[in-house]
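Taking it in order: structure first as structure tokens, then the write-up.
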Amino acid sequence: MKTKTAQRQVAFDFAPLEQLEEARRRAIRDYETLRAEQKRASDGMKALKPGSPEFDTLRATLKEMADRGKALEEEKRIIEEAIPPLLLRIPNLCHDSVPVGESADDNYLVRSHGEIKPLGFAPLDHVAIGEKHGILDFEQAGRVSGARFCFLRGQAARLERSLINFMLDIHTREHGYEEIFPPLMVNADAMTGTGQLPKFEEDLFKTDNLYLIPTAEVPVTNLYRDTLLESLPSTLKMVAYTPCFRREAGSHGRDTRGLIRQHQFNKVELVKIAPPEESYDELEKLVNDACTILQRLELPYRVMGLCTGDIGFGAAKCYDLEVWLPSQNTFREISSCSNFEAFQARRANIRFRDSSGKAQFAHTLNGSGLAVGRTLVAILENFQNADGSVTIPDALRPYTGFDRIG
RNA sequence: GGAGAGGUGGCGGAGUGGUCGAACGCGCUUGAUUCGAAAUCAAGAGUCCUUUCACGAGGACCGUGGGUUCAAAUCCCACCCUCUCCUCCA
């Protein structure tokens, strides 16, 4: 465990935790021994007459035991409270198939799809295309909200909405996911359940007591929090479209131009609750479900497997889907698909009864299917024509009602 | 926002200070009966934690957190949630 944690390029000191755990056991033993004694002695009370000397003597003894008990309980409580904050900061263990590596440079190519055709002219980026047609307005969004916001107007707004419906339709009708529209604000318990808290608080927008969701993964996974499923004969599959809200703290100066990294963006998210023995098969299927969208939209992409140094905090295994962006002459992440194994289930208390009747933690998975804003960027850029117009991919036309922009 | 009612095991629902981890019903598991099923009869079964190689032993848990008491599902306080009525509202 210590080795695997280190492979993630995370420094975590296990020694204090081990000491606390030892202290915790001792405190529990002390407390429970006294409690057992106290309960046995207390049974004698009801046989005695109130006011008799025996009654008063025993009562005094018991009073003294109760006081000691309270002190021991308090001691136990303090120790027990110190443990979870430490535990919650340990990242998940990576699956054995995940290669050890230091950074994104050590990720590996799983497969790629679609041909990267040279456009035959210098490609505009999506910001230039959007401004040319008056359908993306970053400048006014800056005045109304601030940096990292955007107004979509006219055909861009319609394209965004079309993409959402297109993705939801495929996942519900063809891939068998249940459509969910969850709350966009959740409490701290829910955020802890999926692992955003306590470690990533600075990435979240917060109101009085509630947080704005950074991804639908949070409310949708927590749909099953504190649940003991009587059985889990097959994997539960859910899909949710939501806006997502992120502070993007620590990414100052990165992707400041355009729609790539916004404080608010739309995403269609896939979430699965699976029996442990099926979860890795389900991860592959989930990746394929997300790939379907890119294929139907005729966008070139590749699937990358993340190494231990680049994988997310709670994931045991993770694939990124990256779409081709001509203006940047590179692939950019458009989906991230992870198996969390029991990492989130332990926090959110999501259990099921296995065939032997024992309650055990389920595995949770999720992945973008896809990030809508980045998909819009990919379409604008990949389907642009020499005159600056944009052709709408065939699959999307029934949704947009138009076949070109400009 | 105002008034009232209520939160108990998978579900329904008793329980107002010790004999309550909790009656009863439904549901569930196993056995008997049956060719099989239904019905009936019998038995069993909560979760978490500590300890033990194991059998077992012990502790905690009746919305959450405090308090009173030798002793709390039961009494007191705060909070959260649900339902009904009124008010308001997209």
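Nucleotides A37(B) and A32(B) are separated by 11 Å at their P atoms, to the nearest Å. Here the separation of G12(B) from U87(B), taken at their P atoms, is 31 Å to the nearest Å. Taking atom C1' on both nucleotides, G59(B) is separated from G63(B) by 22 Å, rounded to a whole Å. Of the C1' atoms belonging to U82(B) and G56(B), the separation is 42 Å, rounded to the nearest Å. Taking atom C1' in both U29(B) and G46(B), one finds a spacing of 14 Å when rounded to whole Å. Going from the P atom of G10(B) to that of C48(B) covers 11 Å, rounded to whole Å.
U69(B) atom C1' lies 14 Å from atom CG of Leu58(A), rounded to whole Å. The distance between atom CD1 of Ile28(A) and atom C1' of A60(B), rounded to the nearest whole Å, is 10 Å. Rounded to a whole Å, the CG atom of Asn187(A) is 20 Å from the P atom of G63(B). Look at CD on Glu32(A): it is 13 Å from P on U52(B), rounded to the nearest Å. The nearest whole Å value for the distance from the CZ atom in Arg35(A) to the C1' atom in U50(B) is 15 Å. Nucleotide G65(B) holds its C1' atom 16 Å from the CD atom of Glu80(A), rounded to whole Å. Note: CD1 (Ile79(A)) to C1' (U50(B)) measures 14 Å, nearest angstrom. Rounded to a whole Å, the CD atom of Glu73(A) is 12 Å from the C1' atom of G66(B).
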If you look only at distance, which donor and acceptor atoms sit under 3.5 Å apart when one is on a side chain in residues 32-39 of chain A and the other is two or more places apart or in another chain?
{"residue": "Thr33(A)", "atom": "OG1", "partner": "Arg29(A)", "partner atom": "O", "Å": "2.6"}
{"residue": "Arg35(A)", "atom": "NH1", "partner": "Gln38(A)", "partner atom": "OE1", "Å": "3.3"}

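Comparing Arg77(A) and Ala66(A), the nucleotide of RNA chain B nearest to each residue sits closer to the 5' end for Arg77(A). The 5' end of RNA chain B is approached more closely, in terms of each residue's nearest nucleotide, by Tyr31(A) than by the other of Arg59(A) and Tyr31(A).
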Assess whether side chain to side chain donor-acceptor pair (under 3.5 Å) is satisfied between Gln196(A) and Glu201(A), documenting all intermediate values.
-> CA-CA 7 Å; Gln196(A) 276 72 22; Glu201(A) 171 136 35; over 6 Å; no
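Considering only side-chain N and O atoms, Arg351(A) lies under 4.0 angstrom from the phosphate OP1 or OP2 of C48(B). Here Arg24(A) reaches the OP1 or OP2 of U50(B): one of its side-chain N or O atoms lies under 4.0 Å away. Distances shorter than 4.0 Å separate some side-chain N or O of Arg29(A) from OP1 or OP2 on U51(B). Between G67(B) and Lys70(A), no contact under 4.0 Å exists linking OP1 or OP2 to a side-chain N or O.
Tested against Lys267(A) for a side-chain contact (heavy atoms from CB on, under 4.5 Å), the candidates Ser335(A), Pro243(A), Pro214(A), Ser368(A) yield a single pass: Ser368(A).
At the heavy-atom level, Arg40(A) lies nowhere under 4.0 Å from the strands shown.
In the model, Gln328(A) has no side-chain atom that pairs as donor or acceptor with a side-chain atom of Asp125(A) under 3.5 Å.
Atom CD of Glu102(A) is surrounded by 12 or fewer heavy atoms from other residues, nucleotides or ligands within 6.0 Å.
Put simply, the side chain of Ser389(A) never gets that close to the backbone of Asn385(A): no donor and acceptor are under 3.5 Å apart. Side-chain atoms of Thr221(A) never come within 3.5 Å of backbone atoms of Val218(A) as a donor-acceptor pair (strictly under, hydrogens ignored).
Nearest to the side chain of Arg25(A), among U51(B), A71(B), G59(B), sits U51(B).
With sequence neighbours left out, Glu80(A) forms a side-chain hydrogen bond (donor to acceptor under 3.5 Å, both in side chains) with no residue at all.
Between the side chain of Thr33(A) and the base of G58(B) there is no donor-acceptor pair of N/O atoms closer than 3.5 Å.
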Bracket notation of RNA chain B in which parentheses pair within the strand, [ ] cross earlier pairs, and | pairs with another strand (Watson-Crick or G-U, under 3.5 Å) = ((((((((.[[[..)..(.....]]].(((((.......))))).((((((....)))))).[[[[[..)....]]]]])))))))....
